[in-house]
Q: 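Have a look at this one.
Residue numbers start at 1 and run along the sequence shown. Values reported hereafter were calculated over all heavy atoms of this structure, with side chains retained and with hydrogens, waters and symmetry mates removed. Just so you know, these numbers come straight off a predicted model, no measurement behind them.
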Amino acid sequence: MDFSEELFASGNIRLDAQLKFTAEIDRMTSVLRRTLLLDRSRCENDAEHSWHIAVMALLFEEYSLEKIDLHHAVEMLLVHDLIEIYAGDTFAYDTEGNKSKSERENAAAEKLFSMLPAEQGSRICSLWKEFDASVTADAKYANCLDKLQPFFHNMLTEGYTWRNAATPVTKVQVEKRMACIKEFMPQVYIWVDKSISLAVKQGWLS
């Protein structure tokens, strides 16, 4: 989207940059994911996904094995997919696409976060890197929710994403992807495990 510079002319260079960034991240609404909305009308976009898991963070904190800084975790969830504005969404089970994912996302992060005032760009980039590394308790929690939400949608749409993948998704692949929940939110994994078994029984997973 190309807007006239005049539209962002506040007389404050810092505010101008923040306004431009605010317009740029609206592009998230155009980044489509593989996950089907529960009404099955269309696939969700990145902005919807980020909102959904940020709200989920408010609900599931009690199941984390470690103490969570909820505010910090929500911050990560809100910004973790911003780089997909330029890098695109990479399907979790796309082996080829995931080979170049890191390179594409790092380039996207440098381009996007440099639009902001230096300290804000650095802070948001740090949140993105922390989420991606998934080492801190807050990042582990955030990553669990990032994986739980599309799994939840798959269970309520008869395995739509799994069944429509170029290569059918297997039980083993899903178990591997959901392992972080097994380790960090074991009470939630009890439901995940039962759901995987049901998905196999229904033929949604091979």
Side-chain angles (χ1 to χ4, degrees), residues 1-33 35 44-90 92 97-98 100-150 180-181 183-185:
M1 295 173 287
D2 294 319
F3 296 105
S4 166
E5 290 292 318
E6 184 180 6
L7 295 173
F8 304 110
S10 67
N12 180 327
I13 294 176
R14 178 181 176 86
L15 179 56
D16 290 356
Q18 292 164 330
L19 291 170
K20 290 176 185 177
F21 182 82
T22 300
E24 190 69 2
I25 63 174
D26 183 72
R27 290 176 181 260
M28 282 191 78
T29 60
S30 299
V31 181
L32 294 180
R33 295 167 49 83
T35 305
E44 70 176 0
N45 62 52
D46 264 359
E48 292 165 329
H49 167 70
S50 296
W51 158 80
H52 207 176
I53 56 179
V55 175
M56 288 171 65
L58 308 181
L59 307 179
F60 296 100
E61 180 187 6
E62 66 193 88
Y63 301 109
S64 168
L65 288 183
E66 298 183 42
K67 184 174 177 56
I68 301 300
D69 179 340
L70 189 57
H71 181 269
H72 189 63
V74 169
E75 285 183 314
M76 275 189 276
L77 291 171
L78 289 173
V79 305
H80 81 290
D81 273 345
L82 287 178
I83 44 84
E84 293 187 358
I85 290 169
Y86 303 137
D89 177 61
T90 304
N98 275 284
S100 63
K101 180 182 177 182
S102 180
E103 182 180 352
R104 287 184 285 108
E105 291 190 346
N106 282 319
E110 184 176 348
K111 178 180 178 181
L112 181 63
F113 301 137
S114 66
M115 294 179 63
L116 282 167
E119 85 286 356
Q120 285 190 328
S122 177
R123 182 169 183 276
I124 294 179
C125 188
S126 293
L127 288 168
W128 169 68
K129 287 181 177 179
E130 181 182 353
F131 174 89
D132 202 47
S134 193
V135 173
T136 65
D138 295 342
K140 289 177 182 177
Y141 179 58
N143 270 275
C144 284
L145 299 176
D146 185 46
K147 293 174 174 60
L148 182 62
Q149 187 257 2
C180 63
I181 299 174
E183 296 170 5
F184 201 75
M185 303 175 71

Q: Which side-chain N or O atoms in residues 5-13 pair as donor and acceptor under 3.5 Å with protein atoms at least two apart or in another chain?
A:
| unit_1 | atom_1 | unit_2 | atom_2 | d |
| --- | --- | --- | --- | --- |
| Glu5 | OE1 | Lys20 | NZ | 2.6 |
| Ser10 | OG | Asn12 | N | 3.1 |
| Ser10 | OG | Asn12 | O | 3.1 |
| Ser10 | OG | Asp16 | OD1 | 2.6 |
| Asn12 | OD1 | Arg14 | N | 3.0 |
| Asn12 | OD1 | Leu15 | N | 3.1 |

Q: Check whether any side-chain N or O of Ser50 sits under 3.5 Å from a backbone N or O of Asp46 as a donor-acceptor pair, and report yes or no.
A: yes
Q: For atom CD of Glu103, is the number of surrounding heavy atoms from other residues, nucleotides or ligands below 6.0 Å larger than 12?
A: no
Q: Going from CD1 on Ile124 to CG on Leu112, what distance comes out if it is rounded to the nearest 0.5 angstrom?
A: 8.0 Å
Q: What pairs of residues pass the salt bridge (Lys or Arg N to Asp or Glu O under 4.0 Å) test when at least one of them lies in residues 50-59, not counting sequence neighbours?
A: none
Q: So, Glu24 and Tyr86: side-chain donor and acceptor under 3.5 Å apart, yes or no?
A: yes
Q: So, the side chain of Ser114 versus the backbone of Lys111: is there a donor-acceptor pair under 3.5 Å, distance only?
A: yes
Q: Under 3.5 Å, side-chain donor or acceptor atoms of residues 56-68 against the rest of the protein: list the pairs with distances, not counting sequence neighbours.
A:
| unit_1 | atom_1 | unit_2 | atom_2 | d |
| --- | --- | --- | --- | --- |
| Ser64 | OG | Glu66 | N | 3.2 |
| Ser64 | OG | Glu66 | O | 2.7 |

Q: Run the salt bridge (charged side-chain N to carboxylate O under 4.0 Å, His left out) test against Glu44 and tell me which residues pass, sequence neighbours left out.
A: Arg33
Q: How close do Val135 and Ala139 get, heavy atom to heavy atom, and via which atoms?
A: N-CB, 4.2 Å
Q: Please round to the nearest 0.5 Å and tell me the distance separating atom CD1 of Ile181 and atom CG of Leu148.
A: 4.5 Å
Q: Determine the minimum heavy-atom distance between Gly121 and Leu116, stating which atoms define it.
A: N-CB, 3.8 Å
Q: State, yes or no, whether a side-chain contact exists between Lys101 and Arg104 at a heavy-atom distance under 4.5 Å.
A: yes
Q: Here's one to test your reading of the geometry: is the NZ or CZ of Lys140 within 45 degrees of the ring axis of Phe184 and under 6.0 Å from its centre?
A: no
Q: Check side-chain contact (heavy atoms from CB on, under 4.5 Å) between Ala109 and all other residues, then give those that pass, not counting sequence neighbours.
A: Ile83, Phe113, Trp128
Q: Among residues two or more places apart or on two chains, list those pairs meeting salt bridge (Lys or Arg N to Asp or Glu O under 4.0 Å) that have a residue in residues 123-132.
A: Glu75-Arg123
Q: Look up atom CG in Leu19 and atom CE in Met115, then write down how far apart they are to the nearest 0.5 Å.
A: 10.5 Å
Q: Which atoms form the tightest heavy-atom contact between Thr29 and Ala47, and what is the distance?
A: CG2-CB, 3.9 Å
Q: So Val74 and His71, do their side chains get closer than 4.5 Å, heavy atoms only?
A: no
